[in-house]
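Throughout, protein chains are lettered first and strands after them, A, B, ... in sequence-line order, and every chain is numbered starting at 1. Keep in mind that the numbers below use all heavy atoms, side chains included, and drop hydrogens, waters and symmetry copies.
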Number of protein chains: 2
Amino acid sequence: MSKYDSCCHPGKRERFLEPSILYLLSQQADHGYSLLNRLRRYGFSETVPDPGSLYRILRKFESRQLIVSAWESGESGPAKRIYTLTDEGFHTLKQWISMLEQNVVFIQRLLDDYRTSREQET
Amino acid sequence: MSKYDSCCHPGKRERFLEPSILYLLSQQADHGYSLLNRLRRYGFSETVPDPGSLYRILRKFESRQLIVSAWESGESGPAKRIYTLTDEGFHTLKQWISMLEQNVVFIQRLLDDYRTSREQET
DNA sequence: CTATCTATATGCATTTTACATATATAAGGA
DNA sequence: TCCTTATATATGTAAAATGCATATAGATAG
């Protein structure tokens, strides 16, 4: 049992995290550490996802051939593994976006229902 | 490796399923089998969630005291375990709704970004 | 007398999650 | 020089969730 056992653990956004990563890579090939910052645009933070989880997702995507990687030893800092989206990855991103579009409609419905029920309470 | 390994498995909506269940119970105390039907309003189907998963979620909620149950042997059919939302459950629902409200904003942002990128492609 | 509907529940292999930890390069400051 | 911080990737692991199959049983319809 932890603080967020029942609900609202800030890490529980995985099914939104994965399409966000694919989208960011579709716009710009990138390495994990940089993605960690770019993900903030979609509500993620320094701690979510934790680096280990992000790297594992990237490796999973690579094993499924949604992305390919290449090492880049720049002038400064440690070597970076740069990931590029494949055609397969673009296709998967498209599917994922469709799913999110459908889901948003239903989430909105739940939120509307909740609001309505609160108003009628008085 | 299964059909939906990379994306879009219709069951991967768990973080939307759980608040949907709490909301439905907040409106009307109910048993699992009936919830299975009421959940269709929020995009779920005969197969998602599978009954086993729903019952397990209900037991989990009960162990965390978000709901309480009572057996009801009606005139027809097997006995039903009726679940009622507790004060704790109402509180958790409220938190979950707030989280969904925030998440929707970020999902919309991703969808908007994706659409914009598609338009600029031509 | 049997198929279907209603209703709840368990078994289990695989995957995901959260969090901690390891490793290494390089830059900046005291 | 030494220490800290930033950059960068990765693994270990216990606990939880997931997906799918299966078990059980009362009631109803043909």
Side-chain angles (χ1 to χ4, degrees), chain A residues 1-19 21 25 29-40 44-64 67 69-83, chain B residues 1-19 21 25 29-39 44-64 67-83:
Chain A
M1 291 277 203
S2 82
K3 190 178 169 191
Y4 297 108
D5 247 1
S6 297
C7 148
C8 305
H9 192 293
K12 294 283 183 183
R13 302 187 56 191
E14 65 289 354
R15 294 292 139 183
F16 176 48
L17 174 59
E18 287 169 61
I21 293 169
L25 290 177
D30 211 347
H31 58 99
Y33 195 81
S34 168
L35 283 170
L36 238 27
N37 288 307
R38 291 172 74 201
L39 279 167
R40 295 186 192 203
F44 299 97
S45 64
E46 302 109 77
T47 50
V48 175
D50 75 285
S53 296
L54 177 66
Y55 288 116
R56 261 200 266 258
I57 289 172
L58 289 170
R59 301 307 218 89
K60 185 183 70 177
F61 281 167
E62 192 172 29
S63 79
R64 288 169 192 174
I67 57 181
S69 71
W71 284 97
E72 190 189 274
S73 307
E75 322 80 41
S76 82
K80 296 159 190 167
R81 193 197 275 264
I82 309 286
Y83 288 99
Chain B
M1 291 273 203
S2 82
K3 190 178 169 191
Y4 298 106
D5 246 2
S6 296
C7 146
C8 305
H9 192 295
K12 293 284 182 180
R13 303 187 56 189
E14 66 288 354
R15 292 294 139 182
F16 176 49
L17 172 60
E18 287 169 62
I21 293 168
L25 290 177
D30 209 349
H31 58 99
Y33 195 80
S34 166
L35 282 170
L36 237 28
N37 288 307
R38 290 171 75 201
L39 280 166
F44 298 97
S45 64
E46 301 110 76
T47 51
V48 174
D50 75 284
S53 296
L54 176 67
Y55 288 116
R56 260 200 268 257
I57 289 171
L58 289 170
R59 299 307 216 90
K60 185 184 69 179
F61 281 167
E62 191 171 32
S63 79
R64 287 168 193 175
I67 57 181
V68 289
S69 70
W71 285 98
E72 190 189 276
S73 307
E75 323 81 40
S76 81
K80 297 158 190 167
R81 194 197 273 264
I82 309 287
Y83 288 99

Who pairs with A:T47 by side chain to side chain donor-acceptor pair (under 3.5 Å), at least two apart in sequence or on another chain? A:S45
I want to check something: taking the side chain as every heavy atom from C-beta on, are A:S69 and A:I82 in contact at a cut-off of under 4.5 Å? no
Heavy atoms only: give me the nearest B:G32-B:L58 pair and the separation to one decimal. CA-CD1, 3.8 Å
Atom pair distance, as rounded to whole Å: NZ in B:K60 and C1' in D:dA17: 8 Å
Nearest-Å distance, CG (A:L35) to C1' (D:dA8)? 12 Å
Minimum-distance nucleotide (side-chain atoms of A:Y33 versus D:dG19, D:dA6, C:dA18): D:dA6
Tightest non-hydrogen contact, residues B:F44 and B:L17, listed as CZ-CA, 3.6 Å
Closest to the A:D50 side chain: C:dA18, C:dT8, D:dA17? C:dA18
Could you state the atom-to-atom distance from CD of A:E18 to C1' of C:dT15 in whole Å? 11 Å
Pairing residues for B:E72 by the salt bridge (Lys or Arg N to Asp or Glu O under 4.0 Å) criterion, not counting sequence neighbours: none
What is the separation between atom CG on A:L58 and atom P on D:dA10, rounded to the nearest whole Å? 9 Å
Just the rounded figure in Å: distance from P of D:dT7 to CG of A:N37. 8 Å
Can you give the dot-bracket line for DNA chain C, using ( ) for pairs inside the strand, [ ] for pairs that cross earlier ones, | for pairs with another strand and . for unpaired bases, where Watson-Crick and G-U count if both distances are under 3.5 Å? ||||||||||||||||||||||||||||||
Is there any salt bridge (charged side-chain N to carboxylate O under 4.0 Å, His left out) pair reaching into residues 45-58 of chain B, and which pairs are they, with sequence neighbours excluded? B:R40-B:E46
With ring centroids as reference points, do A:Y55 and A:Y33 lie under 6.0 angstrom apart? no
For A:H31 and A:R81, the nearest pair of non-hydrogen atoms, with its separation, is CB-O, 3.2 Å
B:P78 side-chain proximity, nearest of C:dA20, C:dA7, C:dT16: C:dA7
Please state how far atom NE2 in A:H31 lies from atom P in D:dA8, giving the value in whole angstrom units. 5 Å
Show each protein N/O and nucleotides 11-13 of chain C N/O combination with a separation under 3.5 Å, one pair to a line.
| unit_1 | atom_1 | unit_2 | atom_2 | d |
| --- | --- | --- | --- | --- |
| C:dG11 | O6 | B:R56 | NH2 | 2.2 |
| C:dC12 | N4 | B:R56 | NH2 | 3.3 |

So which one's nearest nucleotide on DNA chain C is more toward 5', B:G77 or B:Y83? B:G77
When rounded to whole Å, the OH to P distance for the pair A:Y55 and D:dT11 reads 12 Å
Starting at atom CH2 of B:W71, determine the distance to atom P of C:dA7, rounded to an integer number of angstrom. 12 Å
Kindly point out which of C:dA9, D:dG19, C:dA18 is positioned nearest to the side chain of B:R81? C:dA9
Using side-chain contact (heavy atoms from CB on, under 4.5 Å) as the criterion, list what pairs up with B:P78, not counting sequence neighbours. none
